[in-house]
Amino acid sequence: MAFGFSPKYIQDYQLDNLNKEHFLVLAIEAAFKLDWDVSFVSETGFIAYTKFSWSSWSEEVTIKMDNNVANIKSECTESQLVDWGKNKKNVEVLLSKIEEVKSMITQEEIEAKIEDLRQGYASKEDDILSKPPSTTKEKITDFFSIFKPTEGYFVSPILININLLVFIVMLISGVHILLPENQDLLNWGANFRPRTLEGQWWRLFTACFLHIGILHLLLNMYALLYIGLLLEPYLGKTRFLAAYLISGIAASMTSLWWYGLTISAGASGAIFGMYGVFLALLTTNLLDKSVKKALLTSIAVFVGYNILNGLKPNSGIDNAAHIGGLLSGLVIGYAFIPSLKQFENKAVKFSTIGALTIALLISSFTVYKSLPNDIGQYEKEMERFVSMEAMALEIYNLREGTPNEELLSEIKDRGLYYWNENIKLIDSFKDLDLPLPIRARNSKLKEYCELRIKSYELIYKAIDEDTDKYENEINEYIQKIETTITELTGSQ
């Protein structure tokens, strides 16, 4: 069982008296009999991909011959840490099948197939087996190299480091490592429609660097590491960073549009955007065809699985951000094609990034201004409620010995007036789109105001008539008010 980033298994096979081309014929015939997809052949070897199945997301099998040795390598094409022995099994099955083919094929058949192979050999200039690897996976030689910027893997580790640093600072400040409180997430800049639409637009950006617990962080950082190693060498630093930030903000906007009361945080929207960019590029001719088919299938399945998983009830997954990031990434990927064909042309590169940024700003501003913010409006109106409640309760702060005329005036013109104004305010909330718990709380608030009004009316009569016959009724209302307050504070 191999462990590591893109687990692999490597074994050398001594050719002994076998001619290189004879062995190549035997190996390719064996791959065909195993129903593998042979996508690249040169005089130095070949690259094949195993079939996609429930037990395998396809592995890349490479044979590279040098001197009298054939180096056979099977490597996972997906973001896995453990291969559960699949790569070793692939090599063993291939070698076994080669021996089987060797015993069945004649020398004449081998010679004929060699002639056919020579017609399809890649040229020495196009022989990717004799070139450095097209990805930077081999640069991850140890744990610490994950965090170290290097050529072809520069922006990705910086983004990983920023996410980790933000999480560490959150922990130092007292945020829970596994299950952060909602208020902590809001304090650190999570995306939440009532706050974001109240002028705190920067949450669309900061939410991309917050995570809801250590598991959420580690899963996202592993996905970012994988897509960064695959994609950044093709895009370069500037395009990669621009795509990450644009798709991240687009994902936040999608979440803002879709959810009314969901606290959203995490890098997954931006990461899905990068997967979208890579999916777009895999449908073009910009990448080597030897890697396109396996990666296209495995990444499509990975994205599809995660989106379907997010559709489950109570999954706790911000699927809107995933979908928004993915779709924006696809658009970005296709928009980058002209600049990738002219990789060193800075004018094309920066004009494309500029156009995408302008498109993001215009679309985000349009959505931002068009979204209703009933919760935000409700919270603002509740500040008025609290203010009027305080003014209505001021009668209890009147100095001892206040003349009855002044007491009666305060009860009628101030106390009763503001309690009735609060009832009108609560009634106006019926026009807002509010969740059922808030509507239930509003009903309780109205009941509280009505109890206050009845108690004030009795206090007014007691003072006006200079009698204590209403004392028991007043005390009953006070008890009911205290019970209602307990229920209200308990429901918050």
Side-chain angles (χ1 to χ4, degrees), residues 1-4 6-78 80 82-124 126-131 133 137-138 288-295 297-298:
M1 181 172 68
F3 177 86
S6 290
K8 60 179 73 70
Y9 179 80
I10 302 173
Q11 182 173 329
D12 286 337
Y13 180 86
Q14 296 294 329
L15 298 183
D16 295 329
N17 297 324
L18 266 179
N19 178 279
K20 284 184 182 179
E21 287 187 310
H22 285 203
F23 176 76
L24 187 59
V25 167
L26 296 175
I28 291 175
E29 285 298 306
F32 284 148
K33 288 185 177 295
L34 291 170
D35 202 21
W36 292 355
D37 179 18
V38 178
S39 61
F40 178 86
V41 180
S42 73
E43 62 181 343
T44 57
F46 73 85
I47 299 173
Y49 291 90
T50 65
K51 285 297 179 182
F52 185 89
S53 68
W54 288 110
S55 61
S56 168
W57 280 22
S58 180
E59 292 82 49
E60 181 184 79
V61 180
T62 305
I63 288 185
K64 183 178 179 180
M65 294 177 292
D66 188 22
N67 296 324
N68 205 38
V69 176
N71 180 267
I72 306 173
K73 178 178 73 171
S74 176
E75 181 176 9
C76 295
T77 60
E78 245 310 312
Q80 305 170 57
V82 182
D83 70 354
W84 306 110
K86 290 182 292 186
N87 287 306
K88 183 178 181 181
K89 183 179 178 181
N90 288 338
V91 174
E92 291 174 346
V93 167
L94 178 63
L95 290 174
S96 175
K97 189 62 68 172
I98 288 173
E99 294 301 318
E100 180 182 317
V101 171
K102 189 192 298 185
S103 65
M104 296 171 57
I105 195 169
T106 65
Q107 187 64 30
E108 291 76 14
E109 289 174 320
I110 291 177
E111 295 296 336
K113 289 182 181 294
I114 287 175
E115 290 301 317
D116 292 336
L117 277 180
R118 286 173 178 169
Q119 303 300 316
Y121 281 164
S123 65
K124 291 185 178 180
D126 296 328
D127 188 357
I128 58 177
L129 292 176
S130 62
K131 296 180 181 180
K137 288 183 182 181
E138 283 72 12
D288 292 330
K289 64 179 182 180
S290 60
V291 302
K292 279 171 49 175
K293 185 175 180 180
L295 285 176
T297 303
S298 61

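Residue indices begin at 1 and follow the sequence shown. All values below were derived from every heavy atom in this structure, side-chain atoms included, with hydrogens, water molecules and symmetry-related copies excluded.
- Nearest heavy-atom pair across A27 and L94 is O-CD1, 4.0 Å.
- Across all their heavy atoms, V38 and A31 have their closest contact at CG2-CB, 3.9 Å.
- Here the closest non-hydrogen pair linking Y49 and S39 is CE1-OG, 3.4 Å.
- The two residues V61 and S74 have their closest heavy-atom pair at CG2-OG, 4.0 Å.
- Exactly one residue among T50, I98, L34 makes a side chain to side chain contact (heavy atoms under 4.5 Å, CB included) with V93. That residue is L34.
- Closest approach of N68 and L18 over heavy atoms only: OD1-O, 4.5 Å.
- Listed for the N87 side chain is a donor-acceptor partner under 3.5 Å among the backbone atoms of P7.
- In this structure, CG on N71 lies 14.0 Å from OH on Y13, to the nearest 0.5 angstrom.
- Looking only at side-chain heavy atoms (C-beta outward), I28 and K113 stay at 4.5 Å or farther from each other.
- The NZ atom of K73 sits 12.5 Å away from atom CG of D12, with the distance rounded to the nearest 0.5 Å.
- Considering all non-hydrogen atoms of both residues, K51 and D35 come closest at CE-O, 2.9 Å.
- Residue L26 holds its CG atom at 10.0 Å from CD1 of I63, rounded to the nearest 0.5 Å.
- We find the CG-CE distance between L24 and M65 to be 4.5 Å, quoted to the nearest 0.5 Å.
- The distance from atom CH2 of W36 to atom NZ of K97, rounded to the nearest 0.5 Å, is 10.0 Å.
- With 3.5 Å as the limit, one finds a donor-acceptor pair spanning the side chains of E111 and Q107.
- Counting heavy atoms of neighbouring residues, nucleotides and ligands inside a 6.0 Å radius, atom NZ of K20 exceeds 12 of them.
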Determine, step by step, whether N90 and Y9 satisfy the side chain to side chain contact (heavy atoms under 4.5 Å, CB included) criterion, reporting the C-alpha distance in whole Å, the side-chain angles of both residues, the deciding distance to 0.1 Å, and the verdict.
CA-CA 9 Å; N90 288 338; Y9 179 80; over 6 Å; no
Run the side chain to side chain contact (heavy atoms under 4.5 Å, CB included) test on K33 and V101 for me, step by step, so that the C-alpha distance in whole Å, both residues' side-chain angles and the decisive distance to 0.1 Å come before the verdict.
CA-CA 9 Å; K33 288 185 177 295; V101 171; 3.9 Å; yes
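- Formation of a donor-acceptor pair under 3.5 Å by the N67 side chain with backbone atoms of V69 is not found in this model.
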Pair E92-K89, salt bridge (Lys or Arg N to Asp or Glu O under 4.0 Å): steps then yes or no:
CA-CA 5 Å; E92 291 174 346; K89 183 179 178 181; over 6 Å; no
